[in-house]
J.: 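This is the structure I want to talk about, given as structure tokens.
Only heavy atoms go into these numbers, but all of them, side chains included; no hydrogens, no water, no symmetry mates.
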Amino acid sequence: DAEITQSPRHKITETGRQVTLACHQTWNHNNMFWYRQDLGHGLRLIHYSYGVHDTNKGEVSDGYSVSRSNTEDLPLTLESAASSQTSVYFCASSESFGQPQHFGDGTRLSIL
Amino acid sequence: QKEVEQDPGPLSVPEGAIVSLNCTYSNSAFQYFMWYRQYSRKGPELLMYTYSSGNKEDGRFTAQVDKSSKYISLFIRDSQPSDSATYLCASYNQGGKLIFGQGTELSVKP
């Protein structure tokens with residue numbers, strides 16, 4: 001079965017460190033997305049990609065970056081981790097606009 | 001005004017009850033509607049997907065879209081303790097972004 005996997009599932013790091021969260025999908029979807037989920041804010045879009053070498057900013061992109069070198073992977077990098085970036089991060093993919101997005105099980109990131 | 005609004009609950013019902021979960025959306029041009037279920041410490045899982053208006057049924061779950069009132073609903077019949085989760089409604093906006101409601105936390109008591 002096709003799936004979307006995220007790693008690591010949990011991570012603790014210190015402020016100022018660079019952190020990279022991995023996302024790998026076997027759906028062969030063109031579209032991939034990164035969200036963060038926080039109490040009181042719901043799911044907020046960080047970055048998204050509509051294909052290889054395409055990346056776009058979402059509503060909360062400051063301090064984050066992504067790159068898309070192949071169809072399967074969209075890693076999310078926190079350039080210099082801040083305590084405000086403590087959150088649960090979800091990766092998702094979809095076939096095209098209007099189609100449902102399929103989610104991974106998230107990475108719980110704590111920045112001390 | 002938020003593009004998709006959802007009552008956050010929490011909602012607690014006895015086992016076997018009929019559950020009604022509701023969302024409103026702001027733009028009558030929205031066409032694609034989804035319901036996701038999210039268990040604790042897991043990712044959102046697609047439950048129902050509907051295009052435009054009308055009803056869609058899948059087992060104990062029925063999704064309903066009323067475009068005239070910009071209202072989407074999810075009904076769960078014969079609710080089970082395993083249905084205890086957070087339910088998220090979502091719709092694509094005209095900018096191509098999937099907009100989520102805040103989520104409703106449901107607890108089904110045995």
J.: Verify the distance criterion only: is there a donor paired with an acceptor across the side chains of A/Q18 and A/S80 at less than 3.5 Å?
T.: no

J.: Answer yes or no: is there an ion pair linking A/R17 with A/E14, defined by an N-O contact shorter than 4.0 Å?
T.: yes

J.: For B/L88, is it the side chain, the backbone, both, or neither that has a heavy atom closer than 4.5 Å to a heavy atom of chain A?
T.: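 The side chain, not the backbone.
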
J.: Where on A/Y50 is there a heavy atom nearer than 4.5 Å to chain B: the side chain, the backbone, both, or neither?
T.: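 For A/Y50, the side chain is the part near chain B, not the backbone.
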
J.: Which answer fits A/T107, side chain, backbone, both or neither, if we ask what part of it has an atom under 4.5 Å from a heavy atom of chain B?
T.: neither

J.: Determine the interplanar angle of the B/Y25 and B/F33 rings, folded into 0 to 90°, and report it as parallel if under 30°, tilted if 30 to 60°, perpendicular if over 60°.
T.: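 Tilted: the ring planes of B/Y25 and B/F33 meet at 30° to 60°.
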
J.: To the nearest 0.5 Å, how far apart are CG in A/L43 and CD in A/E59?
T.: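 One gets 10.0 Å once the value is rounded to the nearest 0.5 Å.
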
J.: With only heavy atoms counted, which part of B/Q38 is less than 4.5 Å from chain A, the side chain, the backbone, both or neither?
T.: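 For B/Q38, side-chain heavy atoms alone lie under 4.5 Å from chain A.
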
J.: Do other residues, nucleotides or ligands put more than 12 heavy atoms under 6.0 Å from the CZ atom of B/R41?
T.: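 Not buried by this count: 12 neighbours or fewer within 6.0 Å.
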
J.: Quick check: B/F100 with A/Y35 (ring centres under 6.0 Å apart)?
T.: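 Judged by ring-centre distance (under 6.0 Å), A/Y35 and B/F100 do meet the cut-off.
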
J.: Relative to chain B, which segment of A/Q6 carries a heavy atom at a distance below 4.5 Å: side chain, backbone, both, or neither?
T.: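 Neither part.
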
J.: Before we go on, tell me: are the rings of B/Y51 and B/Y32 under 6.0 Å apart, centre to centre?
T.: yes

J.: What part of A/R108 is in contact with chain B, defined as an atom under 4.5 angstrom from a non-hydrogen atom: side chain, backbone, both or neither?
T.: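 Side chain of A/R108 only, per the 4.5 Å heavy-atom cut-off to chain B.
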
J.: Answer with side chain, backbone, both or neither: which region of B/Y36 has an atom nearer than 4.5 Å to a non-hydrogen atom of chain A?
T.: side chain

J.: Relative to chain B, which of A/G40, A/A92, A/S94 shows the most heavy atom pairs under 4.5 Å?
T.: A/G40

J.: What part of B/L98 gets closer than 4.5 Å to chain A, counting heavy atoms only: side chain, backbone, both or neither?
T.: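 Both parts, backbone and side chain.
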
